[in-house]
Amino acid sequence: MASSYAYAIAAVLLSSASQVILKKRANNAPKSFWKKFLNAPVIFSYCLLFLSMMLNSLALREVDMAVLPCITATSFLWIMILSEIFLGEKPTRRKVIGVAMILVGVVVSHL
């Protein structure tokens with residue numbers, strides 16, 4: 001059971017990392033259509049996303065359905081944190097308020 005929660009958390013972190021990698025690559029995208037999509041960072045990002053979906057499927061077997069959406073909703077927080085670390089994006093007041101509202105909604109819905 002504990003491993004299923006670990007799978008769910010790992011899935012969220014991998015998905016968040018995948019999105020940050022795609023965003024970083026989009027900021028420096030080449031002009032060629034094929035080079036935009038067939039390059040190492042993009043392919044790696046999609047591999048992370050696929051692994052994330054596999055882990056999420058494993059987590060779905062044992063994690064309570066009242067809890068899994070709560071874990072998944074934390075991805076907004078992780079994306080904001082990872083974007084600041086790896087992309088140098090400072091979170092705006094609106095982003096912080098938005099993520100806080102999502103997290104409060106998760107807590108309220110879980111109660």
Side-chain angles (χ1 to χ4, degrees):
M1 183 73 154
S3 64
S4 294
Y5 283 93
Y7 290 154
I9 292 168
V12 168
L13 292 174
L14 288 173
S15 173
S16 300
S18 171
Q19 291 179 49
V20 170
I21 292 169
L22 282 176
K23 186 172 184 180
K24 183 172 186 169
R25 185 63 184 165
N27 290 340
N28 304 323
K31 301 231 186 278
S32 165
F33 176 80
W34 294 109
K35 288 183 181 178
K36 283 182 185 179
F37 299 104
L38 296 177
N39 59 68
V42 170
I43 292 170
F44 178 67
S45 177
Y46 285 128
C47 288
L48 286 179
L49 187 60
F50 181 74
L51 181 59
S52 167
M53 289 188 292
M54 288 177 51
L55 290 173
N56 202 32
S57 295
L58 290 173
L60 279 168
R61 291 180 178 181
E62 293 184 26
V63 175
D64 186 20
M65 281 305 296
V67 175
L68 192 61
C70 298
I71 294 171
T72 304
T74 64
S75 67
F76 297 101
L77 173 67
W78 298 118
I79 292 169
M80 188 172 67
I81 291 170
L82 292 173
S83 292
E84 183 174 6
I85 293 170
F86 294 107
L87 302 177
E89 290 184 359
K90 298 292 179 196
T92 63
R93 176 186 245 184
R94 289 179 109 181
K95 285 181 184 178
V96 172
I97 291 171
V99 169
M101 289 175 68
I102 290 169
L103 295 177
V104 167
V106 166
V107 170
V108 169
S109 71
H110 189 64
L111 298 176

Point-to-point distance, once rounded to the nearest 0.5 Å, from CG of Leu68 to CD of Glu62: 12.0 Å
Intermediate values then yes/no, side chain to side chain contact (heavy atoms under 4.5 Å, CB included), Met80 and Val96: CA-CA 8 Å; Met80 188 172 67; Val96 172; 4.2 Å; yes
Single-linkage hydrophobic cluster Val106~Val108, side-chain heavy atoms < 4.5 angstrom: no
Pairwise distance CG(Leu14) to CE(Met54) - rounded to 0.5 angstrom: 11.0 Å
Point-to-point distance, once rounded to the nearest 0.5 Å, from CG of Leu82 to CG of Leu77: 9.0 Å
Check: Ser15 side chain, Val12 main-chain N or O, donor-acceptor pair, under 3.5 Å: no
Interatomic distance, Ile97 atom CD1 to Met101 atom CE [nearest 0.5 angstrom]: 8.5 Å
Nearest heavy atoms of Pro41 and Ile21, plus distance in Å: O-CG2, 3.5 Å
Residues Trp78, Val20; criterion side chain to side chain contact (heavy atoms under 4.5 Å, CB included); working and verdict: CA-CA 10 Å; Trp78 298 118; Val20 170; over 6 Å; no
Interatomic distance, Leu55 atom CG to Leu51 atom CG [nearest 0.5 angstrom]: 4.5 Å
Residue pair Asp64 / Tyr5: nearest heavy atoms and the distance that separates them: N-OH, 4.2 Å
Asn39 (side chain) donor-acceptor with Val42 (main chain) under 3.5 angstrom: yes
Main-chain N/O of Ile71 paired to Thr74 side chain as donor or acceptor, under 3.5 Å: yes
Atom CZ of Phe44 with >12 non-hydrogen neighbours under 6.0 angstrom: no
Under 3.5 Å donor-acceptor, Ser4 side chain and Ala59 backbone: no
Side chains of Leu22 and Tyr46 in contact at under 4.5 Å (non-hydrogen atoms): yes
Contacts of type side-chain hydrogen bond (donor to acceptor under 3.5 Å, both in side chains), residue Ser45, not counting sequence neighbours: Ser18
Tyr7 side, atom OH; Leu58 side, atom CG - distance, nearest 0.5 Å: 6.0 Å
hydrophobic_cluster_shared for Val63 and Leu13, side chain cutoff 4.5 Å: yes
Partner of Ser83 by side-chain contact (heavy atoms from CB on, under 4.5 Å), out of Leu87, Ile81, Ile85: Leu87
Same cluster (ILVMFWY, side-chain, under 4.5 Å), Ile43 and Met53: no
Least distance between heavy atoms, Ala73 atom then Ile102 atom: O-CG2, 3.9 Å
